[in-house]
Amino acid sequence: MASLRQGWRIQQRVIIALMSRELTTRFGRENIGFLWIMAEPLLFAVLVSLAWTFMKGPEEHGVAIVAFVVSGYLPLTFLRHSFGRCTNIFVANGSLMYHRQIRILDFVFVRVLIETIGGMMAYLFIGVILMYFGYFPVPASIGLLVSGWALYTLFVLSMCFIIAPLSEVSEVLEKILPVTIYISIPFSGTFNMESWLSPQARDILLWSPMVNSIEMMRYGLFGDAVRPYYTIWVPIGASLICMTIGLALCRRVRRTLVVE
């Protein structure tokens with residue numbers, strides 16, 4: 001038990017040190033610094049919400065359009081940034097591998113953790129501001145909202161464990177990844193609820209881990225104003241499968257990684 005506690009303390013120090021290094025490298029120490037991890041997704045969500053309001057009006061299917069778009073677009077922004085930050089991550093941080101306490105998995109975990117914190121801060125900030133002006137509801141179930149976000153984060157992390165080593169094997173992945181993300185938007189649940197779709201389309205989309213997670217988040221946010229369709233087992237099962245594949249790929253890449 002003493003060895004386990006010591007290992008946990010060392011791992012905590014490694015994660016904190018890598019987070020400080022990543023934030024300083026990415027944002028510097030001037031202006032608002034690390035707060036850009038919140039400001040960037042916040043800006044995207046606000047602009048998209050305004051565009052949807054002008055196109056569709058203040059409500060759709062009895063749900064405030066601003067709150068609906070924000071609740072879907074912030075997770076999508078988190079996914080897109082996490083995937084993008086995990087490409088070529090091992091080569092960029094290869095010099096740190098001389099420290100035996102640092103593992104290649106730490107790099108992926110830290111970058112996803114930073115994006116998670118930024119997404120949650122943006123969600124909380126914009127939620128409070130819009131709630132004050134009456135454009136955002138008080139969450140009906142904080143537990144469901146947080147659980148949905150946790151499942152979404154777990155799936156994103158598991159996918160990053162696959163993307164990171166594959167990007168070291170082939171440069172093609174880095175080029176096609178942004179296009180792939182935008183093509184997958186209709187299958188992400190970002191801009192629709194499953195109750196708005198036909199049963200045939202719903203049965204297909206419910207195989208998407210992202211759809212199930214966002215349905216949970218929106219049910220936790222809007223409560224009985226929406227009719228959710230979700231299961232926790234699809235995102236959990238998909239995350240475990242992707243995690244297993246990703247860990248195997250990371251181990252294989254570590255054997256061939258040249259540390260300079």
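Here the structure is a predicted model, which is why all the values come from computation and not from measurement. Sequential numbering from 1 along the given sequence is applied to the chain's residues.
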Please output the side-chain donor-acceptor pairs of residues 113-141 that fall under 3.5 Å, not counting sequence neighbours, one pair per line with the distance.
residue: Glu115; atom: OE2; partner: Arg26; partner atom: NH1; Å: 2.7
residue: Thr116; atom: OG1; partner: Val112; partner atom: O; Å: 2.7
residue: Ser141; atom: OG; partner: Leu144; partner atom: N; Å: 3.3

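Heavy-atom contacts from other residues, nucleotides or ligands closer than 6.0 Å to CD1 of Ile142 number 12 or fewer.
Looking at Arg202, its side chain does come within 3.5 Å of a backbone N or O of Leu197 through a donor-acceptor pair. In terms of modelled atom types and a separation under 3.5 Å, the side chain of Asn212 and the main chain of Thr231 share a donor-acceptor contact. Ser208 places a side-chain N or O within 3.5 Å of a backbone atom of Phe187 that can act as its donor or acceptor partner. For the pair Arg218 (side chain) and Phe68 (backbone), a donor-acceptor distance under 3.5 Å is present.
Taking CG from Leu205 and CD from Glu215, the interatomic distance works out to 9.5 Å, rounded to the nearest 0.5 Å. In this structure, CG in Leu173 is found 6.0 Å from CG in Leu166, a value given to the nearest 0.5 Å. Taking CZ of Phe155 as the reference point, atom CG of Leu240 lies at 12.0 Å (rounded to 0.5 Å). Glu194 contributes atom CD, which lies 10.0 Å from atom CD1 of Ile214 (distance to the nearest 0.5 angstrom). With rounding to the nearest 0.5 angstrom, the CZ atom of Arg21 is 7.5 Å from the CZ atom of Phe107. Put simply, OG on Ser184 and CG on Leu79 are 7.0 Å apart, with the number rounded to the nearest 0.5 Å.
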Q: Would you please test Trp196 and Phe191 for ring pair (Phe, Tyr, Trp, His ring centres under 6.0 Å) and show each step?
A: CA-CA 11 Å; Trp196 303 352; Phe191 298 123; over 10 Å; no
(Q) Run the side-chain contact (heavy atoms from CB on, under 4.5 Å) test on Ser195 and Tyr229 for me, step by step, so that the C-alpha distance in whole Å, both residues' side-chain angles and the decisive distance to 0.1 Å come before the verdict. (A) CA-CA 7 Å; Ser195 59; Tyr229 289 88; 3.8 Å; yes
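Using a 4.5 Å cut-off between side-chain heavy atoms of Ile, Leu, Val, Met, Phe, Trp and Tyr, with links allowed through other members, Val156 and Leu154 fall into the same hydrophobic cluster. Placement of Leu177 and Leu249 within a single hydrophobic cluster is found when ILVMFWY residues are connected by side-chain heavy-atom separations under 4.5 Å, directly or transitively. Following chains of ILVMFWY side-chain contacts shorter than 4.5 Å, one can reach Phe161 starting from Ile245, so the two form part of one hydrophobic cluster.
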